[in-house]
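Here's the structure we're looking at; comments come further down.
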Amino acid sequence: MMINISEKNFEKYSRQIMMEKIGISGQKKIMKSSICIIGCGGLGTTTAQYLAMTGVGKILLIDFDNIELSNLNRQISFLEKDIGENKATILKKNILKINAELDVSIIKKKITRRNINLFLEKSKFIIDCSDNFETRFLINEYCFKKKKILVSAALQNFDVQVSSFKAWASKKNPCYECIFPKFSDGNILNCDQMGIVSPIAGFGGIMQAITVVNIILGCDQKIFRELIIFDGFSREMKKIKVEKNVKCKICKY
Ligand SMILES: [Zn+2]
């Protein structure tokens, strides 16, 4: 697909194009990219808005949930008047205000083993902004099998964790389940049962958007063997090396 940057877009994205690390060729890569955001909550709203601002070409938003009053402390795209509306619908409306050229589609359904292939088939990047482990494990398995790049973040209280996965590309790269194995008793806690301070959600979303831009621009492949942990209470950020679990049921060869 050939992309020409119009005069208007040249000005709009001039702060990116002027950078040596991006330039015209990098901006074209960004504009050609196709991204799926699963979950339009605290992480998804921020990730979608920043990716829309960078000028990505296509975004698919998936969320079956409606906006509630208790979401408004962290889900930055939503206002009180939106309560009761579907999250993906409102987020689509708002990111089109940021970038009218963006090709945005929405799916107002829960991702299941039955529909995942149909829904995610056309996206190269899958951003997991879901709030439960059942969905996270399903997305990881799908991304490994279908060779999709997975970017994942998790939030809890003052903490953010961000990582990206391409386990199918190298025997050294772990998958999500290598570093977050399923508990043997099957007991899993959902994220909405844990507390969260407002700006931490935004920070997680921003970190995901930065990660996607890095990968689009062809950054060092070490990114797929890293886990970034930010503790917002001590203001400490760490980068941990992660490895493949040779016993992992998903990505073992
Ligand atoms: Zn694995």
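We count ligands from 1, going down the list as the structure has it; atoms in each ligand are counted the same way.
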Worksheet item: Does any pair with a residue in residues 11-24 pass salt bridge (Lys or Arg N to Asp or Glu O under 4.0 Å), and if so which ones, sequence neighbours excluded?
Response: none
Practice prompt. Determine, stepwise, if the pair Ile126 / Ile139 fulfils side chain to side chain contact (heavy atoms under 4.5 Å, CB included).
Written response: CA-CA 8 Å; Ile126 310 296; Ile139 295 169; 3.8 Å; yes
Worksheet item: Closest heavy-atom contact between Leu60 and Phe119?
Response: CD2-O, 3.3 Å
Worksheet item: With a cut-off of 2.8 Å, how many protein N, O or S atoms neighbour the Zn ion (ligand 1)?
Response: 4
Discussion item. Counting the benzene-type ring for Trp, do Phe203 and Phe230 have ring centres under 6.0 Å apart?
Written reply: yes
Discussion item. In the structure I gave you, are the side-chain heavy atoms of Ile24 and Ile5 within less than 4.5 Å of one another anywhere?
Written reply: yes
Item to complete: Can you spot which of Ile206, Ile37, Val151, Ile35 makes a side chain to side chain contact (heavy atoms under 4.5 Å, CB included) with Thr47?
Response: Ile37
